[in-house]
Amino acid sequence: MKVFQLLIPAFPGGMVAGNKSQDSGIAEMDELPVPHNIKISNITCDSFKISWDMDPKNKERITHYFIDLNKKENKNSNKFKHKDVPTKLVAKAVPLPMTVRGHWFLSPRTEYTVAVQTASKQVDGDYVVSEWSEIIEFCTADYSKVHLTQLMEKAEAIAGRMLKFSVFYRNQHKEYFDYIREHHGNIMQPSSKDNSGSHGSPISAKLEGIFFSCNTEFNTGKPPQDSPYGRYRAEIPAEKLFNPNTNLYFGDLYCMYTAYHYVILVIAPAGSPGDEFCKQRLPQLSLNDNKFLTCSEEHGSLVFHHAQDVILEVIYTDPVDLSLGTVAEIIGHQLMSLSTANAKKDPSCKTCNISVGR
């Protein structure tokens with residue numbers, strides 16, 4: 001199996017099928033076979049395999065393939081993201097299927113269109129080309145466990161020392177908790193995770209859970225007085241959600257053009273649907289030996305610690321009864337500017353990005 005070899009980042013512009021550009025050095029040649037029945041397979045977050053059928057006539061004259069790869073328009077794209085490099089690619093003619101790989105022009109979980117030409121390079125350096133194939137569409141995949149492990153290792157490097165904590169807490173408006181009591185029998189229900197964090201995260205818009213925090217103030221050992229999400233806070237004893245009957249997974253590392261970083265963790269009761277979802281997609285962490293969130297036994301009781309230098313976002317995958325803890329109004333301020341709802345990751349941050357996708 002051949003891997004796609006980039007020769008030049010973009011072939012000369014101005015070429016229209018059926019014409020010869022005055023300065024492009026490319027001419028059309030009807031005799032070259034036109035690719036058809038294009039097939040895309042083995043799709044990852046930054047690669048795919050491509051093959052097609054061709055008429056055998058003049059097939060031996062083909063020296064190169066021209067591939068026109070374009071990201072489908074997305075009206076909600078991140079306006080702060082750097083512009084994509086040209087994606088009209090040239091490859092030597094190799095046996096099909098061939099692998100197209102490149103994190104500098106492929107992003108995870110992104111829709112693309114692709115079309116192909118065959119070409120024959122002449123002795124003077126010019127090309128004669130076939131007509132373009134039909135245009136097909138495909139979508140790249142999410143990060144795999146391998147990619148998430150790379151992110152996890154970056155997160156471990158900045159996690160800092162561990163601080164003791166005793167409760168998970170969830171900040172919301174009073175109306176939220178009133179609705180839970182009235183319509184859900186006092187039980188908070190899981191909902192789909194938003195699109196905050198890494199664009200290639202396999203849990204975004206797919207994993208269902210309930211968002212909790214656990215970071216504490218350094219000087220008090222208690223949850224902060226302020227909140228980005230609402231003036232009311234549910235506090236649940238840590239052992240009710242995090243114990244030897246649960247599994248812990250690393251979900252993501254990201255920042256929002258800021259100096260501080262967020263780490264997403266998932267707690268799932270062992271054997272639950274959320275647990276099965278995470279086992280297939282996320283790196284699993286030891287409950288009592290990891291850099292982010294630990295549960296260990298000391299003198300017959302469970303003791304809990306969280307990393308000091310990152311902000312932990314904990315997703316619990318099962319329903320949670322409010323009667324397990326308390327709900328009360330906070331005494332601090334509501335800081336909406338700190339909300340991470342659908343927050344877009346800074347693609348230029350060297351601390352929280354890996355060399356896969358963007």
Determine whether the aromatic ring centres of [X] and [Y] lie less than 6.0 Å apart.
X: Tyr169; Y: Phe212; answer: no
X: Tyr112; Y: Phe48; answer: no
X: Tyr316; Y: Phe242; answer: no
X: His173; Y: Tyr232; answer: no
X: Tyr254; Y: His261; answer: no

Value rounded to 0.5 Å, distance of [atom1] in [X] from [atom2] in [Y]:
X: Arg61; Y: Leu32; atom1: CZ; atom2: CG; result: 6.0 Å
X: Phe168; Y: Asn215; atom1: CZ; atom2: CG; result: 10.5 Å
X: Phe177; Y: Asn186; atom1: CZ; atom2: CG; result: 10.5 Å
X: Ile267; Y: Thr317; atom1: CD1; atom2: OG1; result: 9.0 Å

Only counting residues at least two apart or in another chain, list the ones meeting side-chain hydrogen bond (donor to acceptor under 3.5 Å, both in side chains) with Ser204.
-> Lys193
Got a sec, which residues hit salt bridge (Lys or Arg N to Asp or Glu O under 4.0 Å) with Lys59, two or more places apart in sequence or on another chain?
-> none
Qualifying residue for side-chain contact (heavy atoms from CB on, under 4.5 Å) with Phe250, from Leu285, Val266, Ile264 = Leu285
Give me the one residue out of Val116, Leu69, Ile136 that meets side-chain contact (heavy atoms from CB on, under 4.5 Å) with Ile50.
-> Val116
Hey, does the side chain of Glu298 reach the backbone of Val303 with a donor-acceptor pair shorter than 3.5 angstrom?
-> no
For residues Ser196 and Asp194, is any side-chain donor paired with an opposing acceptor at under 3.5 Å?
-> yes
Pair [X] + [Y]: basic N to acidic O under 4.0 Å:
X: Lys72; Y: Glu137; answer: yes
X: Lys291; Y: Glu156; answer: no
X: Asp142; Y: Lys206; answer: yes

Any Thr149 side-chain heavy atom under 4.5 Å of Val146 side chain = no
Minimum side-chain heavy-atom gap Thr44-Thr140 below 4.5 Å | no
Is it the case that Arg181 places NZ or CZ above or below the six-membered ring of Tyr179, under 6.0 angstrom from the centre and within 45 degrees of the axis?
-> no
